Structures are given as C-alpha cells and as structure tokens.
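Structure first, then comments.
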Amino acid sequence: MSERPPISPRSPRAALEPEQVPPPPKRSDRARNPFVIVGNAIFTILIILMLGAGATYYYGKQALESPGPLQEDKIVNIPARAGKRDIADVLSREGVINVNPWVFIGGVFALKASSDLKPGEYSFQKNASLRDVIATIVDGKVVQHAITIPEGLTSEQIVTRLSDNDIFTGSVREIPREGTLLPETYKFPRGTTRDQVIQRLQQAQKRVLAEIWERRNTDLPLKSPDQLVTLASIVEKETGRADERSRVAAVFVNRLRQRMKLQSDPTIIYGLVGGKGTLGRPIKRSEITQPSPYNTYVIDGLPPGPIANPGRASLEATANPARTRDLFFVADGTGGHAFTETYDQHAKNVAKLRASEKQIQNDTVEPADDPAPAAAAPGAADTNPTAATPPKPGNQKKPPRSGRQGAAQQTTSPPVVQR
C-alpha cells in the first residue's frame, strides 16, 4: 500500500478561509495580437453567415419550388402600376400563393425579376409554385379573349358591340368608314382600348383586301378595291349560304356588265337607316322608288359605298364570281336560291315558291307566333309574287322582312319582280 502524504494540521480559522487557486497561465504574446483577435472574429462571423446563407437557401428553395395552394386553374388580374407588395397582396388574396409577402418579394429579387413584372390578366395553373407564378408574370403572357365580329355588320353595329364588351377600355372617337373593318375572330387581352381594336380590324381589312384584289378576275367590271368592297357588302347581305356567294356575286356582276340596275333590297334599307343596319319591318311599297344614293332600284350601278362590312369569303366570291349568265335568283323555300338567266324562268320560280308557301300555310294547324321571313306583308313593295332570303343563322345581318328581298328584274319590265 502506498503511503498517504501526512496531513498538516490547520487552525480552525485557516480552515474557514477559501483555498487559494493557482492563477491561470498567461496568454502568449501571439494570442494577444490584435490581428489575431480580428481574424478570429471575422472567421466566426463568416461561419455564422455561411450557416445562415445555407439555411436561407434551403428555405428559399423550398418556398420557390413547393406546390402552391391553388386547387384549380385561376385567372387573376394584376392591375397596372402595382408594386411588388401590391402584387403579393393580390396573389395572396386570390389564393395563388400562401407565403408571406416578403417571401414573394425575396423570390422576385432572387430570380432577378424585380423590373420585369408586368400588369395584366394571367392564368395560373393548379398548384403553381412561387417560381411558376413569378415566371408567368415576367413572361407577360396575358390571357387572350376571343372576340368574334360577324360578317355583314355595319361599322356602327360593330362599335356598339365593342362598347358593350367590358374587356375593352376607352371609347371610339368616331365611327369608322363603312366597309373598312374586317369581320373575323380576334384575340385581345383585357384592357385593350377600343381604338386599338378598331385599328387592328382596319389593318386586317387592308391586308386581306390587297391580297384578294391582286388575285381578282381581271375582266371584272370593277375599277378599284373600294368598288369590290361595295359589291361584296351587297353579296354579304343577300345570302347566308357559303356555297351560293359566288353565284350571287355572278348575278350582280352580269347585271353590271349589261348596265342593269342591281335592285338589291339591303341597299334600300341602308339608304333608309344607314349604319343602324336593320329596318325592323318589311319594306314599304313607297320606299322602293324613294330616292336615295344607295337605293339600287333607283340608281344605276353600284351605290356610293359599302352597306356593311363584308367578310373574307364574300370578298373572295366577288373578286372571282362564278362564270354564269344568271341575272335573277329567288328563294327556293329550303334556305337556298334558284338562279335563272331569263325573266320568264324567274317568274316561274317565284310562282312555284308562292304556291309552296300557300300550301304550307294551308297545312298549318296552329299559326306561328312570328310570321315566316318569306311571307308577304301588307303594304309590301309590289303586287308581283316575291321571295325572301332567310337571314343567316346566328347573325342579324338580314332581319325577317316581307316577300321582297333584293329584286332582280329586266330593265324593260314595268313591274318589279323580286328574287
């Protein structure tokens, strides 16, 4: 056994005094160097920053890449002049994002998109991540609304349609000249001004008209593209069937060549109501011979301008009409027309149509609420049997009228015989 060191006796007072601890070893001169102290502090700060950056990167990546809260695709409008915080509030309110606005702003800066956020109406996909949301706004691919302008509307009617559509803003300063707008389906973003819409329709019409005029039949009795538009507008209002446009155009072209009056009812209506487009009642007898620059029962040749805005198909048909000798056409009772070269043949077709109409009326058990478009009305234009062309489906270019619709007569025949 090892011997224990002897215990030195201590007085009671000495035993109560605290035991003396040896002083710590002195720091070396190197440790007390200020450069070392500063270096250690910088190193410590760097470590802390790296840890913080790593945590921020991890959290930011999660925030950018995690699926968003949208349960289905949604369209949201980002207003003009909205700041980043305003955009974040809109997206949060619409349920597109569910993160703190500052996280959204941080994501914008992280993706270097601070100056690329564009206002507009955007479609955000289901569960779109924050990255996807920001990318959608940066790309500026706003929602495009399809707007269809039907063929055969007047410029005034088109402006009214645009004014009633809340997608557009502003007002139209003046009604465009008749025939200068191309009916078609267009796509516009919300907020487009109505003047911009008009400009686009005019530019499209100029482009299409130039192309069609270049490909026209060279022996047409038309001197300018404007005359082509004028005749095409009459063709547009006279038939609702695509397969008949070129034959209807041929009738009018043949009449122009033979210096016969065109005798088109839609021109009477335009002379009476102008850009309003519809008369709302049958043409009266007294209105057939009522002087008007547009009434082709009174004037020779074409009216001074278009009576509507014709579509591409009517322009094409008028520029390259069918090669026929037809001078007359009358509704055949089935939605189409019967075309003839002579007045006698035409009169027989009219009589046939009237007999068919009379038979239908006799077979009717209960009268219809509204009169059929082809029925003659009291005070109709003339005493001869006439026939009407039904209006185009889904298009109010040609309202139901009396039995008169676009007359075609021989220049020497006293009574007016309708097509």
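Residue numbers run from 1 in the order of the sequence given. Since the structure is predicted, the reported quantities are computational estimates derived from the model, not experimental observations.
Nearest heavy atoms, A88 versus F104: CB-CD2, 3.5 Å. Scanning all heavy atoms of the two residues, the minimum distance from R194 to L162 falls at NE-O, 2.7 Å. Of all heavy-atom pairs spanning A232 and T318, the tightest one is CA-OG1, 3.3 Å. Pairing each heavy atom of S233 with each of I307, the nearest pair is OG-N, 3.1 Å. In plain terms, the two heavy atoms of L272 and Q290 that are nearest each other are CD2-NE2, 3.5 Å.
The side-chain heavy atoms of E151 and S314, taken from C-beta on, include no pair separated by under 4.5 Å. Counting heavy atoms from C-beta outward, L70 and Q125 have side chains that stay 4.5 Å or more apart.
Side-chain N or O atoms of K84 include none that pairs as donor or acceptor with a backbone N or O of V108 at under 3.5 Å.
A salt bridge between K348 and D344 is absent, with no side-chain N of the basic residue lying under 4.0 Å from a carboxylate O of the acidic one.
Under a cutoff of 6.0 Å and an axis angle of 45°, R200 and F188 form a cation-pi pair.
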Pair R85-D89, salt bridge (Lys or Arg N to Asp or Glu O under 4.0 Å): steps then yes or no | CA-CA 6 Å; R85 178 59 188 263; D89 290 340; 3.4 Å; yes
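Using a 3.5 Å distance cut-off with no hydrogens or angles, the side chains of N320 and S246 do not pair a donor with an acceptor.
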